[in-house]
Amino acid sequence: MPSPAFHAPGTVDEVVGLLAGDPQARVLAGGTDLIVQMRSGRIAPSAVIDLKRIGGMSGVRVEAGTFAIGAATACTALKDCAELVAAWPGVVEAANLIGSVQVRNRATMGGNLCNASPAADSVPALVAAGATCVVAGPAGRREVPVAAIPAGPGKTSLAPGEFVVEIRLPPRPAGGGDAYLRSIPRTEMDIAVVGAGVSLVLGPDGTCTSARIALGAVAPTVVLVEDAAAALVGSRLDDAALDRMAEAVRAACRPIDDKRGTAGYRTAMAAVLARRTVNIARERAQSESTSKA
Amino acid sequence: MNAPSDQKTFRLVGTRPIRPDGIEKVTGKAIYGPDFVAPGMLHGAVLRSPHPHARIRGIDTRRAEALAGVKAVVTGADFPGGAEGTVAGGETPTDLKYASIKCMARDKVFFEGHAVAAVAATSAAVAEEALKLIAVDYEVLPHVTDIEEALRPGGPILHDDVFTQGLAETPTTPSNASLRFAMTRGDAEQALGAAVEVYTGRFTLQPVHQGYIEPHACVASWQADGQGQIWCSTQGHFSVRAMTAGILGMSIASIRVMPLEIGGGFGGKTTVYLEPVAMLLSRKAGRPVRLAMQRGDIFRASGPAPGAVIDIRLGALADGTLSGADIEFKYNGGGLPGAYEVYSGVMSTLSCYRVPDANVVGWNVLTNMPTVHAYRAPGAPQTYFAVECAIDELARRLGIDPIDMRLRNVLRPGDTDGRGMTLGAIGYAETLEATKAHPHYAAPLGPNQGRGIACGSWGNYGGPSTAAVSLAEDGSILVTEGNPDIGGSRAAMAMMAAETLGIAYEKVRVTVADTSSIGYSMGTGGSRTTFATGMAVVQAAEAVIEIMKQRAAQMLGADAAGIEWRDGAAVLGEQRLSIAEIAAKSGMTGGPISAEAAIHPGGFLPGFGAHICDLEIDPETGHTTVVRYTALQDVGRAIHPDYVEGQIQGGAVQGIGWALNEAYVYDREGHLDNAGFLDYRMPVASDMPMIEAVMIEVPNPDHPYGVKGVGETPIVPPLAAVANAVRDATGLRIGDLPLSPDRIYARLQAAE
């Protein structure tokens with residue numbers, strides 16, 4: 001019963017080297033999924049590579065309104081970055097629904113993404129916000145949309161030797177607003193039965209000029225529902241547009257029945273949550289317009 | 001508020017001092033079951049069945065035994081045969097044969113997680129590795145987890161030697177219905193025929209777990225001379241001793257059980273799962289062995305409360321009098337016979353109401369689930385759920401206030417309960433009057449909100465208890481008792497001793513002694529400890545006072561008959577001798593001062609509670625938010641009100657969890673799909689409003705300080721209080737628990 005090796009390298013290149021040399025190695029950010037899975041016997045990695053000693057891996061860098069969030073940044077720490085909270089409140093709120101306060105003091109959005117659970121809370125919010133992530137690997141670095149990382153429950157599109165270095169969010173567009181809501185039977189300490197992330201841009205007259213709607217826990221991976229967004233763009237988010245949006249959301253759901261919810265309930269709730277999430281995003285976008293005016 | 005006006009007042013009883021075990025517990029120093037370590041201790045691990053139902057053709061342990069570091073392996077073959085008879089186990093007598101099989105399977109496994117072998121090794125990792133080397137040859141059998149499927153002819157039969165008990169004629173074919181128990185009075189059919197309104201309904205409940213945070217854990221050490229020691233967390237170390245001795249064929253006095261602090265039990269820690277296994281491993285290995293369950297083991301292999309199917313017909317007259325009842329329930333007993341809940345369920349079903357004509361029938365049905373075990377008022381919340389929902393519907397049909405409806409039917413002093421006990425100073429009516437007068441009952445409701453009322457009762461118990469009171473050399477007081485402190489009982493014992501002796505609370509220190517250091521005490525269960533063990537403490541303290549009066553008489557050269565005991569001192573006219581002075585001279589007046597009381601008191605009275613639940617339903621999602629909750633209870637007299645209110649709040653929360661989200665979820669293969677706190681959805685703190693606990697003090701005259709048991713009653717009313725509130729908010733009578741968002745949503749959709 002060999003214990004896994006533990007590495008705490010100081011550079012990204014070292015991590016890539018270790019990962020490339022050992023396909024059974026796993027990276028450790030917060031560890032709130034990895035350690036639980038190891039303890040339960042679900043996984044038995046040969047080595048654990050801690051990212052937290054690498055410079056720049058923890059914390060949010062703000063560069064000309066763009067946000068670069070290190071892969072080892074704890075969810076709680078996102079709330080300390082006032083610019084990020086102002087620009088992408090839905091993302092920060094989504095990340096701070098995961099687990100409990102204690103869990104969020106360790107857990108990261110990078111880990112939430114790479115754990116590849118269909119129910120990951122931060123992922124629909126990130127996808128709605130148009131986030132990208134920087135992936136380092138033997139072939140160097142590449143930047144891909146967040147939505148490209150999950151490949152199925154527990155599976156990512158990362159190639160051998162690759163890992164996520166940081167998550168990037170664009171500047172908040174003028175008239176923009178985002179939000180995330182999830183459905184759970186309890187009030188916290190639970191896994192999303194459905195999650196809905198929305199990002200909107202409203203023109204000065206309240207017309208929706210751009211929208212992104214992403215759903216969690218209704219398919220093997222996060223779903224960006226382009227038809228739902230299209231139902232909103234050009235409208236003033238009137239009831240008819242919201243009804244068309246809700247219909248598109250229902251049509252995009254491909255959920256399963258499991259202990260956390262039936263397929264029918266998930267589909268119905270996806271539409272309810274999407275509508276509520278749009279309303280919060282709209283309020284935020286409008287307050288943005290008002291404050292600019 | 002409605003308590004009798006002639007109540008005695010006390011110096012300490014009814015105050016709220018800091019509990020003596022509190023600091024050690026909140027600073028993490030207290031030693032709980034999983035914390036205990038013995039020198040040279042080996043680490044044990046248990047191999048559990050992946051199948052819900054299978055015959056064991058053979059077990060090959062040779063590769064495990066050959067692994068370096070493995071010191072012992074045991075299987076069912078290591079258990080002595082012939083264990084039989086019953087042993088008192090908390091609230092439920094335990095059949096030793098099935099207690100033994102529950103610890104380790106023999107020729108069959110009856111549920112996923114049933115233990116089939118165990119290993120002791122030099123490290124936990126080696127023990128886990130050794131489990132993988134044990135080859136069990138299973139013949140997988142068809143399984144059944146649903147109550148009604150288990151009764152369907154042609155389905156899998158779990159035990160070919162179990163025949164339904166309680167039928168007029170002994171059956172000749174084995175059945176999964178292991179027990180029928182009935183209680184009949186008057187003519188239910190005639191009464192239902194004459195009733196003005198009859199509510200007919202079916203109610204279903206899923207199995208729910210006690211959910212204690214501390215896992216089952218023990219260390220056992222078998223000595224070379226055939227004696228043994230066990231350190232464990234339990235509600236009753238005397239029953240651990242008796243069960244382990246009975247299962248292993250040892251004399252009871254040869255086993256000494258040391259109770260560690262207990263992190264929750266709720267009835268679930270009144271049996272043994274690990275202790276006999278650890279003893280056998282220790283005997284083979286010659287060293288102490290530790291065994292502890294993981295959370296998944298606890299859900300899969302330790303007793304939940306039974307799920308149920310309940311059919312009810314309840315009749316009422318126009319004035320709200322409950323005139324007749326016909327109730328038949330089936331409890332899911334799990335894999336092994338012997339569950340007690342059918343008996344207590346039948347006796348509890350109408351236990352707080354006068355229903356002259358009633359027929360109550362209960363069945364225990366065996367399925368491939370873990371064998372059920374006591375959970376707070378075992379057997380009562382299920383049937384009360386059906387009865388209290390039925391009363392709610394009858395009150396609506398008759399246009400009667402639901403509290404008035406219950407006041408019309410509730411037992412009064414002098415009435416006889418379902419057990420045939422004539423009840424004395426019960427405060428059911430006082431509790432209901434207080435409920436009606438509570439501001440909560442008149443508070444306005446918001447949109448999508450509803451209010452539910454429900455009552456509940458639990459019979460409580462007395463039971464055997466031993467306690468000793470002795471003087472230390474400086475006059476401080478030691479109380480020694482045999483009941484694990486699961487809800488603040490050390491504080492209550494110290495208060496009752498100090499009150500009796502007339503001294504400060506801090507002068508009394510309480511020890512929960514091991515099985516060899518105090519006489520027999522039934523476990524902490526049946527809401528009996530503050531009542532019965534408290535009475536033993538008071539009697540021992542009174543005996544110590546008599547000794548001290550004699551010693552003081554010697555010291556004063558007076559007649560003991562003239563000595564009074566007042567404010568912690570022997571008083572004769574102007575002369576006064578304190579306990580410290582009497583203790584200091586005890587060497588010259590006859591030696592150490594100590595007394596013991598060993599009692600089996602009657603005079604216990606049932607508990608009764610009435611709960612008001614306000615909740616709000618999100619009509620688009622079916623989500624439920626409990627917005628206000630008030631729990632009123634006849635508590636006799638609260639010795640330490642904090643711990644009485646804590647019992648009321650805790651019981652209410654557990655009942656609300658049972659109503660809203662808790663349930664065992666099995667997949668088609670008979671595997672438990674939610675064996676952890678993530679998906680077995682007990683309430684979290686943010687789910688709950690502050691539970692307002694209102695104590696109605698109608699003292700029990702048969703206890704020196706008026707105590708009635710309080711721990712179990714508060715889990716009985718919430719199931720129906722919640723369901724009745726859902727009914728009020730939505731117009732829907734949903735008889736199936738849990739009332740989870742998807743279920744409520746589906747019913748709302750169907751109603752549209």
Using salt bridge (Lys or Arg N to Asp or Glu O under 4.0 Å) as the criterion, list what pairs up with B:Lys25, not counting sequence neighbours.
B:Asp21, B:Glu261

With B:Glu112 via salt bridge (Lys or Arg N to Asp or Glu O under 4.0 Å) - residues at least two apart:
B:Arg300

Ring geometry between B:Phe299 and B:Phe677 (parallel below 30°, tilted from 30 to 60°, perpendicular above 60°):
perpendicular

Side-chain atoms of residues 35-47 of chain A: list all donor-acceptor pairs with protein atoms under 3.5 Å, sequence neighbours left out, distances to 0.1 Å.
{"from": "A:Gln37", "atom 1": "NE2", "to": "A:Asn115", "atom 2": "OD1", "distance (Å)": "3.0"}
{"from": "A:Ser40", "atom 1": "OG", "to": "A:Val36", "atom 2": "O", "distance (Å)": "3.4"}
{"from": "A:Ser40", "atom 1": "OG", "to": "A:Gln37", "atom 2": "O", "distance (Å)": "3.1"}
{"from": "A:Ser40", "atom 1": "OG", "to": "A:Arg42", "atom 2": "N", "distance (Å)": "3.4"}
{"from": "A:Ser46", "atom 1": "OG", "to": "A:Asp22", "atom 2": "OD1", "distance (Å)": "2.9"}
{"from": "A:Ser46", "atom 1": "OG", "to": "A:Asp22", "atom 2": "OD2", "distance (Å)": "2.7"}

Proximal component of [X], with respect to chain A [non-hydrogen, under 4.5 Å]:
| X | value |
| --- | --- |
| B:Ser740 | neither |
| B:Tyr666 | neither |
| B:Asp742 | both |

Segment of [X] engaging chain B (4.5 angstrom heavy-atom cut-off):
| X | value |
| --- | --- |
| A:Met189 | both |
| A:Arg276 | side chain |
| A:Ile184 | backbone |

Under 3.5 Å, is there a donor-acceptor pair between the side chain of A:Asp257 and the main chain of A:Ala263?
yes

Could you check whether any side-chain N or O of A:Asp121 sits under 3.5 Å from a backbone N or O of A:Ala192, counting only pairs where one atom can act as donor and the other as acceptor?
no

Note: B:Lys132-B:Glu129 ion pair, threshold 4.0 Å (strictly below):
yes

Check A:Arg250 with A:Glu247, please: is the shortest side-chain N to carboxylate O separation under 4.0 Å?
yes

Identified side chain to side chain contact (heavy atoms under 4.5 Å, CB included) partner of A:Pro220 from the options A:Pro150, A:Pro255, A:Pro153:
A:Pro153

Listed by residue number, which members of residues 743-752 of chain B have a heavy atom under 4.5 Å from any heavy atom of chain A?
B:Tyr745

